[in-house]
**Student:** 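One structure, pasted below without further comment.
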Amino acid sequence: MIRVEDLHRAFGGQRVLRGLTLQVAPGEIMVVIGRSGGGKSVLLKHLLGLLRPDSGRVVVNGTDITHLRGPALDRIRERYGVVFQGGALFDSMSVFDNVAFPLREKTRLRSREITGRVEEKLDQVGLAGMGHKNPAEISGGMRKRVAIARALVTEPEVVFFDEPTTGLDPILVNTIHHLILGMHRKFRFTAVMVSHEIPEIFGIADRVAMLHDGVIVEQGTPDVIQGSANPIVQQFVRGDVEGALRPA
Ligand SMILES: Nc1ncnc2c1ncn2[C@@H]1O[C@H](COP(=O)(O)OP(=O)(O)O)[C@@H](O)[C@H]1O
Ligand SMILES: [Mg+2]
């Protein structure tokens, strides 16, 4: 479904991606872990076509998107849903209009159909009847739900989640993970998620990839990652998220 081949990307002199290779299979939940500032969001932005690599390729469903632009890139992005880091709702719009936004942007659906789809999606994320609220009036956990509803409302083939639970307390982290898992069971999209939530993500990932020093140092099922002999992975999985993993 998604193939990342030998991706290199530097900003100024800072080499963030240093030959990153990764494959995501159709319908799986792939979770990318790694320390803060390690390049996880930069990787997602390459998958979205928002950043271009210095070298290497991103292939989506057999199409090399690395150098696509304009309408050709838009056609790929139409099949994507994105939950950006921080949720990033439009504060000036109601919950309803936030969720309706991708349908209004990407489809030619009539307003009655849009209303139906938005209400259905709000119901699926547990926010039935909340469409009239403003993002500022609802809790952090509810805002994440709105962001998820917005990402899924077009029924995308691929959904990207950039730290969808950051800033939530542990109970809400689990609630949101269960929501994502439930939606995944129902709609079977391919998911690429960036997360810091160790050990919670091991309960929802089909596979996990650890990004370190610009490359994927280990990937596999949660069991493989948790049992990895690689000291960098071990340390991260034990919860020492920063510690000795900080660059020298
Ligand atoms: N557009 C940009 N311009 C310059 N530096 C950037 C840009 N985007 C990211 N970086 C740098 O790349 C590194 C990785 O960032 P990021 O991918 O956001 O890390 P994270 O793994 O926490 O998501 C950071 O040092 C960040 O400052
Ligand atoms: Mg990030």
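All residue numbers refer to positions in the sequence shown, counting from 1. Atoms within each ligand, like the ligands themselves, are counted from 1 in listed order.
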**Student:** Does a side-chain heavy-atom distance below 4.5 Å link Tyr80 with Val159?
**Tutor:** no

**Student:** Under a 3.5 Å threshold, yes or no: a donor from one side chain and an acceptor from the other, between Ser195 and Glu163?
**Tutor:** no

**Student:** Do Pro53 and Val58 touch side chain to side chain, with heavy atoms closer than 4.5 Å?
**Tutor:**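 Result no, sub-4.5 Å side-chain heavy-atom pair not found.
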
**Student:** Identify the residue among Val215, Val31, Val217, Ile216 that makes a side chain to side chain contact (heavy atoms under 4.5 Å, CB included) with Met210.
**Tutor:** Val217

**Student:** Are the side chain of Thr175 and the backbone N or O of Ile171 linked by a donor-acceptor pair below 3.5 Å?
**Tutor:**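 Confirmed, Thr175 side chain pairs with Ile171 backbone.
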
**Student:** Check whether the ring centres of Phe189 and His184 lie less than 6.0 Å apart, and answer yes or no.
**Tutor:** yes

**Student:** Is the shortest side-chain heavy-atom distance between Thr165 and Lys144 below 4.5 Å?
**Tutor:**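 No; the side chains remain at least 4.5 Å from each other.
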
**Student:** Answer yes if the side chains of Thr21 and Glu5 hold a donor-acceptor pair under 3.5 Å, and no otherwise.
**Tutor:** no

**Student:** Would you say the side-chain atoms of Asn61 and Thr63 include a donor-acceptor pair closer than 3.5 Å?
**Tutor:** no

**Student:** Using a threshold of 4.0 angstrom between heavy atoms of the protein and any atom of ligand 1, which residues qualify?
**Tutor:** Phe11, Gln14, Val16, Arg35, Ser36, Gly37, Gly38, Gly39, Lys40, Ser41, Val42

**Student:** Which of the protein's N, O or S atoms come within less than 2.8 Å of the Mg ion (ligand 2), not counting waters?
**Tutor:** Ser41 OG, Gln85 OE1

